[in-house]
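Numbers here simply count residues along the sequence, with the first being 1. Treat the numbers as computed from the prediction; the structure is a model and nothing was measured.
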Amino acid sequence: MKASELVEGETEHLTALTRGGQRALEPVLRTYLTRIDWEEGWPVQWHPRDRVVLQNPEIAFGLPNVRGVRTEVIRARFEADESVDFIADDFGLSRDDVQAALRYEFWLRSAA
């Protein structure tokens, strides 16, 4: 089964995702699969929390980033007492982009 079929509403297929017939919870999978961008039936990038932070193997070596700037770099600059506005200006990002990166990084820290 192609994963892209799952996003297009083929919910009856969500219960047999593996060759062994492992069952999955449709609502959980549906939420997860909507965070993936697809091209020609293949996953190309993932948005782990919102549509700002993304992971794409062809951008920043697949690490979480905002417009090509790794979120860990944004967090490190913020923790070095640089302001959100300064960081945004330095990288050519919007204030909202920097705040989304910080929310993501601090969410990761709390999950660890």
Side-chain angles (χ1 to χ4, degrees):
M1 171 185 16
K2 294 180 183 174
S4 59
E5 291 175 339
L6 304 176
V7 177
E8 296 173 6
E10 301 291 329
T11 56
E12 64 272 8
H13 297 293
L14 288 175
T15 56
L17 293 176
T18 65
R19 289 182 186 172
Q22 179 180 358
R23 294 206 173 282
L25 299 173
E26 186 272 332
V28 173
L29 286 174
R30 175 134 338 264
T31 299
Y32 175 76
L33 291 173
T34 59
R35 295 179 182 173
I36 298 172
D37 292 339
W38 302 86
E39 287 181 11
E40 299 178 17
W42 292 96
V44 292
Q45 66 186 16
W46 176 52
H47 302 272
R49 293 216 9 119
D50 54 32
R51 300 302 290 181
V52 179
V53 175
L54 65 88
Q55 289 183 258
N56 180 323
E58 296 181 7
I59 302 172
F61 301 100
L63 295 170
N65 72 86
V66 175
R67 302 181 196 276
V69 181
R70 293 185 350 226
T71 58
E72 64 185 349
V73 171
I74 294 171
R75 185 202 69 233
R77 300 267 307 258
F78 182 76
E79 288 176 339
D81 291 329
E82 293 183 10
S83 71
V84 169
D85 290 327
F86 184 81
I87 297 167
D89 186 54
D90 200 29
F91 288 116
L93 301 171
S94 72
R95 183 177 173 79
D96 290 341
D97 289 341
V98 172
Q99 289 174 334
L102 292 172
R103 278 192 305 274
Y104 173 76
E105 281 292 316
F106 291 124
W107 169 77
L108 275 182
R109 183 178 288 171
S110 69

Subject >> Pairwise distance CZ(Arg49) to CG(Leu108) - rounded to 0.5 angstrom >> reply: 8.5 Å

Subject >> Nearest-0.5 Å distance that lies between atom CD1 in Ile74 and atom CG in Leu102 >> reply: 7.0 Å

**OP:** Identify the heavy atoms of Arg51 and Thr34 that sit nearest to each other, and give their distance.
**Re:** NH1-O, 3.6 Å

**OP:** Kindly work out whether a path of hydrophobic side-chain contacts (I/L/V/M/F/W/Y, heavy atoms less than 4.5 Å apart) joins Leu63 to Val52.
**Re:** no

**OP:** Please report the shortest heavy-atom distance between Arg109 and Glu79, naming the atom on each side.
**Re:** NH2-OE2, 2.6 Å

Original post:
Of the non-hydrogen atoms in Tyr104 and Pro48, which two are nearest, and what is the gap between them?
Top reply: CE1-CG, 3.6 Å

Subject >> Close side-chain approach of Leu54 and Asn65, heavy atoms under 4.5 Å >> reply: yes

Subject >> Asp81, CG atom: more than 12 neighbouring heavy atoms under 6.0 Å >> reply: no

Original post:
Hey, does Arg67 have a side-chain heavy atom less than 4.5 Å from the side chain of Asp97?
Top reply: yes

**OP:** Side-chain contact test, heavy atoms from C-beta onward, threshold under 4.5 Å: evaluate it for Val66 versus Thr71 and give yes or no.
**Re:** yes

Original post:
Parallel, tilted or perpendicular: which describes the rings of Tyr32 and Trp46, with under 30° parallel and over 60° perpendicular?
Top reply: tilted

**OP:** Could you tell me which non-hydrogen atom of Arg70 sits nearest to which non-hydrogen atom of Ala60, and how far apart they are?
**Re:** CG-CB, 3.7 Å

Original post:
Between Arg103 and Asp96, does at least one N-O distance fall below 4.0 Å, as a salt bridge requires?
Top reply: no

Original post:
Same cluster or not: are Leu33 and Val44 linked, directly or through other Ile, Leu, Val, Met, Phe, Trp or Tyr residues, by side-chain heavy atoms under 4.5 angstrom apart?
Top reply: no

Original post:
What about Phe86 and Val69, same hydrophobic cluster or not, with Ile/Leu/Val/Met/Phe/Trp/Tyr joined at side-chain heavy-atom distances under 4.5 Å?
Top reply: no

Subject >> Check: Arg77 and Asp90 side chains under 4.5 Å, non-hydrogen atoms >> reply: yes

Subject >> Inter-residue atom distance Arg95.CZ - Asp89.CG, 0.5 Å rounding >> reply: 12.5 Å

Original post:
Just wondering, are more than 12 heavy atoms of other shown residues or ligands nearer than 6.0 Å to CD in Glu58?
Top reply: no

Original post:
In the single-linkage hydrophobic clustering (I, L, V, M, F, W, Y; side-chain heavy atoms under 4.5 Å), do Ile59 and Val53 co-cluster?
Top reply: no

